[in-house]
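See structure below.
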Protein chains: 2
Amino acid sequence: MKQTRNTTAKTEILKLISQSTVALSHSEIQNNLDGLCDRVTIYRVLDRLVEEDLVHKVVNIDGGVKYASCNHKEAVHHSHNHIHFSCEECHTVTCLEDVKPSFELPKRYQVKEVNFTVSGICPECSS
Amino acid sequence: MKQTRNTTAKTEILKLISQSTVALSHSEIQNNLDGLCDRVTIYRVLDRLVEEDLVHKVVNIDGGVKYASCNHKEAVHHSHNHIHFSCEECHTVTCLEDVKPSFELPKRYQVKEVNFTVSGICPECSS
DNA sequence: TTGTTATTGCAACATTGTTGCATTTTATTT
DNA sequence: AAATAAAATGCAACAATGTTGCAATAACAA
């Protein structure tokens with residue numbers, strides 16, 4: 001496997017994502033970093049973080065891509081089989097790690113990844 | 001409510017999507033139409049078809065947006081609460097209308113839409 | 001400290017989606 | 001059948017998002 005190195009860009013981006021309660025988009029990350037590194041670098045760092053399983057990629061119903069930290073609850077290789085909630089009001093995407101959907105596919109389908117996004121109004125916005 | 005009219009563009013696009021066994025992207029539709037209408041028109045027709053509930057929008061794990069026909073099994077207003085399978089080999093997206101996922105959100109969340117995409121290897125490609 | 005190579009920055013490009021506006025087309029009304 | 005209102009289209013221009021090649025830089029193992 002290819003070596004990977006720790007750089008300020010990677011560290012800062014991972015910190016940002018980890019400290020956020022909601023999933024962040026590329027542009028949100030870029031704004032937060034305030035010129036620390038190039039736009040392209042952010043794309044590449046995000047790819048690496050996903051590759052290394054430190055972060056997961058969430059695709060919104062409108063097609064927007066966001067990134068959220070992985071809370072490794074499972075021991076070795078955690079599954080990303082959980083729900084993301086996307087608020088139509090404030091446009092935040094939240095990981096609901098504890099809600100596990102159940103479903104049953106015809107067995108000829110080999111499942112490798114799961115992406116379950118529910119959209120509507122989040123608790124913050126519905127009050 | 002705003003009136004809606006039948007045009008060749010709309011008819012052809014809906015026919016394309018209906019006759020396809022897999023979900024189609026904007027560019028795939030554009031290629032198939034072979035210059036029948038403008039790129040922008042396709043976007044607008046697709047929006048209308050989704051609006052009118054004749055077609056549904058599927059967002060892939062890689063962020064790509066595709067469109068699939070709605071098979072109105074339910075009487076009045078069918079739910080789009082079903083699974084889409086995205087094959088990593090042939091990049092086709094298939095609607096598995098019959099597979100209904102079950103899940104339970106904290107009740108403060110108001111659900112309006114659901115998008116459940118599973119990716120892996122489809123039966124065609126795994127043989 | 002040095003050498004290898006992963007990582008970055010920059011520039012250029014590709015893809016996807018949106019908006020404004022003048023023109024055309026649909027379908028209703030006269 | 002002609003007139004009409006507004007829905008739909010085409011075009012041009014723009015915005016956002018993502019990708020690639022390549023030379024320069026930085027991380028880290030020896």
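Order of the sequence lines sets the chain letters (A, B, ...), proteins ahead of strands, with each chain counted from 1.
- Atom OH of Y43(B) is separated from atom C1' of dA16(D) by 12 Å (rounded to the nearest Å).
- Atom pair E52(B):CD and dA8(D):C1' shows a separation of 12 Å (rounding to whole Å applied).
- In this view, Y67(A) satisfies the ring-ring contact (aromatic ring centres under 6.0 Å, His included) rule with no residue, not counting sequence neighbours.
- Hydrophobic cluster of V93(B): the remaining members, joined at side-chain heavy-atom separations below 4.5 Å, are V58(B), listed by chain and number.
- Among the heavy atoms of the strands lying under 4.0 Å from R39(A) is at least one base atom, whether or not backbone atoms are also near.
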Pairs: protein N or O with nucleotides 2-6 of chain D N or O, under 3.5 Å:
residue	atom	partner	partner atom	Å
dA6(D)	N3	R5(B)	NH1	3.1
dA6(D)	N3	R5(B)	NH2	3.3

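- Applying the side-chain hydrogen bond (donor to acceptor under 3.5 Å, both in side chains) test to S27(B) and every residue at least two apart in sequence or in another chain returns S25(B).
- Look at CG on D38(B): it is 13 Å from C1' on dT19(C), rounded to the nearest Å.
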Taking only distance into account, with no hydrogens and no angle test, what donor-acceptor pairs under 3.5 Å do side-chain atoms of residues 10-18 of chain A form with protein atoms, sequence neighbours excluded?
residue	atom	partner	partner atom	Å
K10(A)	NZ	T4(A)	OG1	3.2
K10(A)	NZ	E52(A)	OE1	3.0
K10(A)	NZ	E52(A)	OE2	3.3
T11(A)	OG1	T7(A)	O	2.8
S18(A)	OG	L14(A)	O	2.7

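- For DNA chain D, none of the residues of residues 13-20 of chain B falls under the heavy-atom distance limit of 4.0 Å.
- The distance between atom CG of L46(B) and atom P of dT9(D), rounded to the nearest whole Å, is 11 Å.
- A rotation axis mapping the C1' atoms of four pairs onto the next four is fitted at both ends of the helix from dT1(C)-dA30(D) to dT30(C)-dA1(D) over five pairs, and the angle between these axes is 30° to 10 degrees.
- Under the salt bridge (Lys or Arg N to Asp or Glu O under 4.0 Å) criterion, E28(B) pairs with K66(B), not counting sequence neighbours.
- Atom CZ of R48(B) and atom P of dT26(C) are 12 Å apart (whole Å).
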Below 3.5 Å is the cut-off: list the nitrogen or oxygen pairs between protein and nucleotides 20-23 of chain C, distance only.
none

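- For S102(B), the side-chain hydrogen bond (donor to acceptor under 3.5 Å, both in side chains) partners two or more places apart in sequence, or in a different chain, are S102(A).
- Proximity of T7(A) to the phosphate of dT7(C): no side-chain N or O atom is located under 4.0 Å from OP1 or OP2.
- Note that the CG atom of L36(A) and the CD1 atom of I29(A) stand 12.0 Å from one another [nearest 0.5 Å].
- Listed candidates were dT9(D), dG9(C), dT8(C). Nearest to the side chain of C37(A) is dG9(C).
- Projected onto DNA chain D by closest heavy-atom contact, T4(B) and N6(A) fall at different nucleotides, the more 5' of which corresponds to T4(B).
- Partners of T117(A) by side-chain hydrogen bond (donor to acceptor under 3.5 Å, both in side chains), not counting sequence neighbours, listed by chain and number: N115(A).
- Non-hydrogen atoms lying under 4.0 Å from DNA chain C are contributed by nothing in residues 21-32 of chain A.
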